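Numbering of ligands and ligand atoms starts at 1, following listing order. Because the structure is predicted, anything quoted here is derived from the model rather than measured.
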Amino acid sequence: MGTGHLTIDLDALAANWRALDAMGSAETGAVVKADGYGLGVAPVARTLHKAGARRFFVAVAEEGAALRQALGPNVDVCVFGGHMPGDSEMIGDLGLVPMLNSLEQVLRHFEALPGHPFGIQLDTGMNRLGMEMSEWAAVAEIALQQKPVLVMSHLACADEPDHEMNTRQLAEFHRMTDGIKVPRSLAATGGILLGQEYQFDLTRPGIGLYGGRPFEEARPVVTLELPVIQVRDVEPGESVGYGNSWIAERRTRLATVAAGYADGITRHLSNRASLWHGDAPCPIRGRVSMDLICADITDLPETPDSLALLNGRQGVDDIADIAGTIGYEVLTQLGPRYTRRHPSA
Ligand SMILES: *Cc1c(COP(=O)(O)O)cnc(C)c1O
């Protein structure tokens, strides 16, 4: 193999959806934006559909088109970005459900696609997307007459269970939606874990499905194996890679693997993370370059054919911690050059 091999465990994905689904009585949707968090929207969505998901969420209408192609007509495809200018035809033809987030979008939707399903997105304090109380108050009556399929909002701090923002947003969501006869949704992965009072009628898990924090009990979904292209020995005093950022202190055996920052393996891992041969860590020596990484295999008993960046010993959140980012970003940066495999029992 000349490229890295990204293996996506669809059984683990389905198990994670079922585990989150079992945490309450709400319907459990699935967020598959950004190509299923980088793992391939078609196999991911089909697996989640088979597990029982019937309502899917994407960020933009174009992603909804890809999802509709993968799943066919009998699922709900909701678009967080709402009804954007120029999207009416796609929304109408493909039966996408825009989550309208402003008065402007509400008017656009009612004018362009009267009678077409839609949802409403409210802002309960995150100040990112959705109508605030004053705007909602002005539009609620006409919007509710048209029977939205969902009213939703999003939590800013749900990955921190003790953050006071959670109860504040919960109270605001109640204030904005109590008494209306429309299904409600507030919780993504973090919100599901906060408990049933956050779950309302429908939940929208994303990262937890893909094995990331804050769903600590998630089964890991992704493994990434990088082929060794060349092995060499360097003497004490010799340097490795761009900028001579690592100098050997002992006779060192190095393996050069075929992946780099062009594949989403950030340069911040230079001299800081390890690749793995089974349970044995092989520290990255020198800088991660565009297509190549050097790792220290001096202590291995044999010369490996490949080394893992993501395996049972090192997950997306471990890499994220080292790189100073979050698992979401590690997943969605996984590059297009990998050979992707989606085995399922
Ligand atoms: C991305 C997103 C989700 C999923 O969030 P996770 O933290 O990945 O579970 C849910 N709702 C909205 C509005 C989102 O943007």
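- With E111 contributing its side chain and L107 its backbone, the two residues share no donor-acceptor pair below 3.5 Å.
- Side-chain atoms of D296 and T252 form no donor-acceptor pair, as typed in the model, at a separation below 3.5 Å.
- Under the 4.0 angstrom criterion for non-hydrogen atoms, F57 is not in contact with ligand 1.
- With a 4.0 Å heavy-atom cut-off, ligand 1 is reached by the side chain of V31 but not by its N, CA, C or O.
- Residue contacts with ligand 1: I207 is placed with a nitrogen or oxygen under 3.5 Å of a nitrogen or oxygen of the ligand (distance criterion only).
- Scanning the protein for heavy atoms near atom 5 (O) of ligand 1, the closest one is A188 CB, 3.3 Å.
- With a heavy-atom cut-off of 4.0 Å, R128 touches ligand 1 through its side chain alone.
- Taking the six-membered ring for Trp, F118 and F110 have ring centres closer than 6.0 Å.
- Closest of all the heavy-atom pairs between T3 and Y338 is OG1-C, 4.2 Å.
- With 3.5 Å as the limit, one finds a donor-acceptor pair spanning the side chains of S306 and E225.
- Of all atoms in ligand 1, numbered sequentially from 1 with element shown, those under 4.0 Å from a heavy atom of Y328 are 6 (P), 7 (O), 8 (O).
- With a 4.0 Å heavy-atom cut-off, ligand 1 is reached by the side chain of F80 but not by its N, CA, C or O.
- Of all atoms in ligand 1, numbered sequentially from 1 with element shown, those under 4.0 Å from a heavy atom of M152 are 13 (C).
- Checking only distances, G206 does come within under 3.5 Å of ligand 1, N or O to N or O.
- Nearest to atom 8 (O) of ligand 1 among the protein's heavy atoms is Y37 OH, 2.5 Å.
- Using a non-hydrogen distance threshold of 4.0 Å, Y210 does not register as a contact of ligand 1.
- Residue M99 places no heavy atom under 4.0 Å from ligand 1.
- For atom 2 (C) of ligand 1, the closest non-hydrogen atom on the protein side is K33 NZ, 2.5 Å.
- Judged by distance alone, the side chains of R204 and H154 do bring a donor and an acceptor atom under 3.5 Å apart.
- Atoms CG and CH2, on N271 and W246 in that order, are 8.5 Å from each other to the nearest 0.5 Å.
- Near T189, with a cut-off below 4.0 Å to any heavy atom, the atoms of ligand 1 are 6 (P), 9 (O).
- Considering Q169, H174, R175 in turn, Q169 is the only one that fulfils the side-chain hydrogen bond (donor to acceptor under 3.5 Å, both in side chains) rule with T124.
- Residue R204 has at least one N or O atom closer than 3.5 Å to an N or O atom of ligand 1.
- No donor-acceptor contact under 3.5 angstrom links the side chains of T298 and R253, judged on distance only.
- Side chains of E302 and H277: a donor-acceptor N/O pair is present below 3.5 angstrom, by distance only.
- For the ligand labelled ligand 1, residue P205 lies inside the 4.0 Å heavy-atom shell.
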